[in-house]
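Reading through the structure tokens given below for one structure.
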Amino acid sequence: MKKSPDNQISEKLTKFSGKLQTNKWINALSSSLMATMPILMVGALCSLIRGLPIGDAYTEFLSSSGLSAVLSVGVATCNLIALFFICALGFNLGKALEQKPFNTIIIALMSFLLVTPLSTTVTDPETGEFLAEALDVIPIKWLGAEGLFTAILIGYASIILYSFLVNKKITIRMPESVPPIVSQPFEAIIPAIIVAALFLTVQGLFGLTSFDNLHQFIFSVVQLPLASLGNGFGAFIIAMLFSCLLWVFGIHGSMVVLSIMLPIWMPAAIQNMTAFSTGAALPYDLTFALYLMIMQFLGGDGCLIGLTLTMPIFAKSQRYKALGKVAVVPGIFNIIEPIVFGFPIMFNPIMAIPFIATPILLMSVTYALIKIGFFGNSGVADDRTNDPRTDHWLPGWRGVKVWLMDARDGRDILLDLSAIL
Amino acid sequence: MKRITLVCAAGMSTNLLVTKMNIASVKEKVAVKIQAVPESEFEKYSKETDILLLGPQVRFMLPEFKAKYEPAGIKVAVINSADYGMMNGEKVLKEALAL
């Protein structure tokens, strides 16, 4: 067996990935985003059931039975994703900063709601004309994907400030004899008042500007540009390249890439999903639903499904035949470690080429096909542990064709490979 | 009885190896308790672990785990990547017990 070389690049990449993965700030963010997955799945399922393109009879049945309205409530869970997220962030960041998580959840949620306006303007849906100012309502718009960046920034700012105040002991201190259940809420009072004062001031100041509120400002100045950049074709290709490259050095690439990219990818995917469920035009051409389709559901990073399926049957060497038998079942469920370490793809320049090039090629072809309108975009965000094959049905019958094409591509690589061996 | 815990990103691929290692342990007649968990959940299982093995794909977490758990008397190591790929349960088990 070949011993893994003590290669300098590998050493550096390992260190870098470790730093990213164990960084408490990044970790709190990505695990909070992951924590909202169950809610997204509820929304995705509801919108999928409601949007199934299986004929007018089905659609009519949904609306006449009232199911359509019920499912809409389910879809609406996604429209509140920032609320769920800020609670998760309050918990994770609170834990990372060694504060009482319940206090930090409340502080973060409060701060988020304080910068959210309590009124909205009602416009004529057809002409867009201003009709009235509705008071005492929280516009749902800012509690969903469009408020997610504000939630991130407010969450961090409020919890860091809170944690600082508590650590500096700027709190009401109770005598030792008072039981913790009584004294704990008191600990949060002064920090809460200071944090609230800060965000009320911020909200008041933004009310004076043309943005009207902090949400609108962050959405147009930070989230929108970042999302359109990060959800572009180029960004996806770079992410793929990086993810596969890390695997070639034996590091779990998608874990590292997702921890950085999720905050940029998730809001866009949710926005697409919401638009899909209301029948509106999708705001983004590409979302990470498509990225996952290629990078996860075709046999994991590197689209190894073709290789995995054919290795136990066609491999000429005994070793690959044996490996194929080990790897085929996990491979179907997109677990690629046996092949990466056993084939190996790790530190193997010949295998690295198809491993990196296949997903990039597939992404480019898919993007081109979307661009010329051959098939629609997939509107539904997905969890990567979901059943791998169903996803390809989402864009309609053409998706099936493309899946077959993908599988063939995978096989071509194997054929090329057997020629090399 | 030695208790071995394997970790990787989601605890899926290490789970395969656990099965192989269990078969090997029966063959070799050694009493071990082996389980696989996601790296993020290891803390919960640290009390019931004597030997912690990291999948090679998460080897960048070795320094962190070493610093955190070695003082508690847990032996920490990364599984050899070739053995991991071939799912060589026998060899991984032997090396873990030799730590």
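In the text below, chain A, chain B and the rest are named by the order of the sequence lines, each starting its count at 1.
- Atom NE2 of A:His252 and atom CD of B:Glu39 lie 9.5 Å apart (nearest 0.5 Å).
- Contacts between residues 52-63 of chain B and chain A, counted as heavy-atom pairs separated by less than 4.5 Å, involve B:Pro56, B:Gln57, B:Val58, B:Arg59, B:Phe60, B:Met61.
- At a 4.5 Å heavy-atom cutoff, the contact between A:Ile335 and chain B is made by side-chain atoms alone.
- Atom NZ of B:Lys27 is surrounded by 12 or fewer heavy atoms from other residues, nucleotides or ligands within 6.0 Å.
- More than 12 heavy atoms of other residues, nucleotides or ligands sit less than 6.0 Å from atom CD of B:Glu48.
- With rounding to the nearest 0.5 Å, the separation of CG in B:Asn80 from CZ in A:Phe341 is 10.5 Å.
- With a 4.5 Å cut-off on non-hydrogen atoms, A:Val326 touches chain B through its side chain but not through its backbone.
- B:Glu43 CD: 12 or fewer foreign heavy atoms inside a 6.0 Å radius.
- For A:Val256, the part lying under 4.5 angstrom from a heavy atom of chain B is the side chain only.
- The minimum heavy-atom distance linking A:Leu323 with B:Gly85 is given by the pair CD1-O, 3.3 Å.
- In this structure, CD in A:Glu337 is found 10.5 Å from CD1 in B:Ile79, a value given to the nearest 0.5 Å.
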